[in-house]
> 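Pasting a structure below so you can have a look.
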Amino acid sequence: MNTLMSPAVTDNLIQAAYFIAALLFIIGMKRMSSPKGARGGIIWAGIGMLIAGLITFLWPGMHNYILIITAIFVGSVLAWWSGRRVPMTAMPQMVALYNGMGGGAAAAIAALELLKGAAPNLVFAILAVLGGLIGAVSFSGSLIAFGKLQGLIKKSLRFRGQRILNMLVLLAALLQGGLLVTGISDGAGSVTAFFVLALVFGVLMTLPIGGADMPVVISLYNAFTGLAVGFEGFVLQNAAMIIAGTVVGAAGTLLTQLMARAMNRSIGNVLFSNFGETVTGGTAGVAGNLKPIEAADAAVMMAYANKVIVVPGYGMAVAQAQHKVWELCQLLQSRDVKVRFAIHPVAGRMPGHMNVLLAEAGVPYDLIADLDEINAEFASAEVALIIGANDVVNPDARNRQDSPIYGMPILNADKAKNVIVIKRGQGRGFSGIENALFYMDNTRMLYGDGQEAVARLIQSIKTIE
Amino acid sequence: MINGFIALYIFMLAAFTGYEVISRVPVILHTPLMSGSNFVHGIVLVGAMVALGAAHTPLEQAIGFIGVLLAAGNAVGGYVSTERMLEMFKSSKEGKRGKSA
């Protein structure tokens with residue numbers, strides 16, 4: 001097929017297609033940053049990817065077409081199938097999985113370049129090695145992150161001297177990379193040793209991190225993969241890869257920072273402090289007791305309110321209660337009760353995850369408010385309905401300096417006139433801290449499974465005339 | 001041929017572009033956007049295709065095959081999951097229109 005056109009024409013065609021692809025990626029990502037154009041954004045980017053992928057078949061001097069087409073077919077079908085059927089609650093780990101695959105692909109490119117030996121110059125060799133290292137770490141690290149969020153890996157492996165071992169493995173990988181760059185060591189054996197070290201480092205680095213922190217880590221690996229793709233793009237002299245990879249590398253880094261900030265953590269803290277699953281703090285200092293309420297009483301409270309603010313948490317999604325919650329809200333709206341949803345930045349498994357889960361249930365996004373918008377409104381709300389949320393409404397974060405979550409921005413649900421908490425039992429939140437909100441005078445506990453408790457509320461409101 | 005300094009300029013401008021594009025994103029879109037940027041680095045597919053296209057020995061072909069397979073998974077999986085999330089975002093008006101239709 002290459003013989004049909006002169007090499008210069010083919011080359012220009014490829015470059016033009018890559019240029020258009022890069023442009024569409026940036027337009028797509030820009031559109032994805034506002035809810036209105038977001039859906040269009042991914043379609044624009046998708047068209048860019050299709051153009052770039054198809055035009056690459058014209059690349060001069062290519063062979064192995066059957067292998068290429070088979071690999072694309074198998075990879076695409078598997079990803080399409082898994083991406084279509086995964087439930088929305090499991091989306092974070094799927095993102096981790098697909099991201100790890102990209103990192104692995106970048107590492108594979110690096111491996112092929114290094115096996116060829118004799119890079120044209122030192123810069124090429126350094127970028128090939130760095131891209132390979134980052135890509136391989138992203139690959140194995142993302143797989144561990146997937147395993148943890150999917151519940152395949154239950155425990156966080158921690159032992160004495162872990163950090164020192166991690167550093168030693170990283171140093172060994174860098175050293176081996178240095179040997180490859182300088183050409184002191186080459187051949188399949190050395191390349192293999194380099195990648196094994198990099199992969200092991202990714203595993204070791206991710207294993208001690210707790211489940212609560214995993215989203216930040218996934219976002220970080222997303223940025224890593226972008227960077228690796230950018231570096232390998234330079235090695236392959238492919239402008240589309242350089243631009244797309246670097247844009248994602250930068251965007252992903254910023255996104256990681258935003259997520260970490262929303263959780264009141266620094267990225268370094270997430271990676272090295274192993275906080276995610278520690279159980280600290282206790283009941284000490286919590287005054288009062290838990291006061292239960294019947295669904296019928298809670299229903300009256302809400303039905304005659306002017307404004308109800310719903311604070312959903314991951315627990316709601318686990319109980320699959322979001323559809324029922326939306327039904328309840330529509331019922332309240334029909335009685336002229338103003339309803340709003342208050343979303344904490346880390347509600348769900350990662351920032352924005354709860355919005356996706358609510359959107360899935362059909363909640364329009366203009367009813368959903370984030371922390372800065374809604375916090376002033378709690379004081380004017382008759383009822384704050386807490387369902388499945390815990391740490392993000394704990395006033396200790398504001399009031400008690402010795403609390404492990406002190407300083408974390410929270411939703412001021414305690415400022416509402418009444419607080420109704422739907423909860424399965426008397427357990428603690430993800431961080432294992434007792435919640436002072438539940439013990440306040442204006443708080444009532446509505447015990448039960450999320451879905452079933454909301455169904456009782458709906459039934460009770462329907463009987464009120 | 002993209003020489004060193006041209007590449008450096010591209011790196012710099014692309015990095016600022018990425019930073020700017022994200023900086024005004026509302027929190028509600030963080031998860032879809034992370035997924036969307038995850039899709040965008042699926043462009044590694046074209047590199048993997050070129051690399052496999054130049055492979056000769058069975059070892060190279062095997063590595064290249066895995067590379068293309070993983071990259072295709074990244075691109076397609078990233079697209080499907082992002083699109084699924086974004087198609088659910090509707091405002092009150094759109095929601096009502098959707099129901100009456």
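Below, read A as the first sequence line, B as the second, and so on, with proteins coming before strands; counting in each chain starts at 1.
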> What option among A:N222, A:I343, A:I109 has the most heavy-atom pairs under 4.5 Å with chain B?
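Among the listed options, the one with the most contacts to chain B is A:N222.
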> For the candidates A:V229, A:T253, A:V356, A:V363, which exhibits the highest count of non-hydrogen atom pairs separated by less than 4.5 Å from chain B?
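Result: the option with the highest number of such pairs is A:V356.
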> Just give me the residue among B:G53, B:S81, B:A71 that pairs up with chain A most often, heavy atom to heavy atom, under 4.5 Å.
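Highest number of pairs under 4.5 Å: B:G53.
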> Please rank B:N38, B:L86, B:L45, B:V21 by heavy-atom pairs under 4.5 Å with chain A and give me the top one.
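Between B:N38, B:L86, B:L45, B:V21, the count favours B:N38.
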> Relative to each other, are the rings of A:F124 and A:F234 parallel, tilted or perpendicular (30° and 60° limits)?
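Rings of A:F124 and A:F234: tilted, as their planes differ by 30° to 60°.
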> Could you tell me if A:Y98 and B:S35 have a donor-acceptor pair between their side chains, going purely by distance under 3.5 Å?
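No, because no side-chain N or O of B:S35 sits under 3.5 Å from a partner of the opposite role on A:Y98.
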> Could you check which of A:G226, A:G362, A:P215 has the highest count of heavy-atom pairs closer than 4.5 Å to chain B?
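Ranked by heavy-atom pairs under 4.5 Å with chain B, first place is A:G226.
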> Would you mind telling me which of A:A108, A:A250, A:A105, A:G53 has the largest number of heavy-atom pairs within less than 4.5 Å of chain B?
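Top option by heavy-atom pairs under 4.5 Å: A:A105.
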> If you tally heavy-atom pairs under 4.5 Å against chain A, which of B:S37, B:A48, B:P32 wins?
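Answer, by heavy-atom pair count under 4.5 Å with chain A: B:S37.
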> Check whether A:Y18 gets within reach of chain B through its side chain, its backbone, both or neither, counting any heavy atom under 4.5 Å.
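For A:Y18, the side chain is the part near chain B, not the backbone.
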> Flag the pair B:R84 and A:E360 as a salt bridge only when some basic side-chain nitrogen lies within less than 4.0 angstrom of an acidic carboxylate oxygen.
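No salt bridge links B:R84 with A:E360.
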> I'd like to know which of B:L33, B:T57, B:V50 tops the heavy-atom pair count under 4.5 Å against chain A.
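Among B:L33, B:T57, B:V50, the one with the most close pairs to chain A is B:V50.
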> Is chain A contacted by the side chain of B:L13, its backbone, both, or neither, given a heavy-atom distance below 4.5 Å?
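Contact with chain A involves no heavy atom of B:L13 at all.
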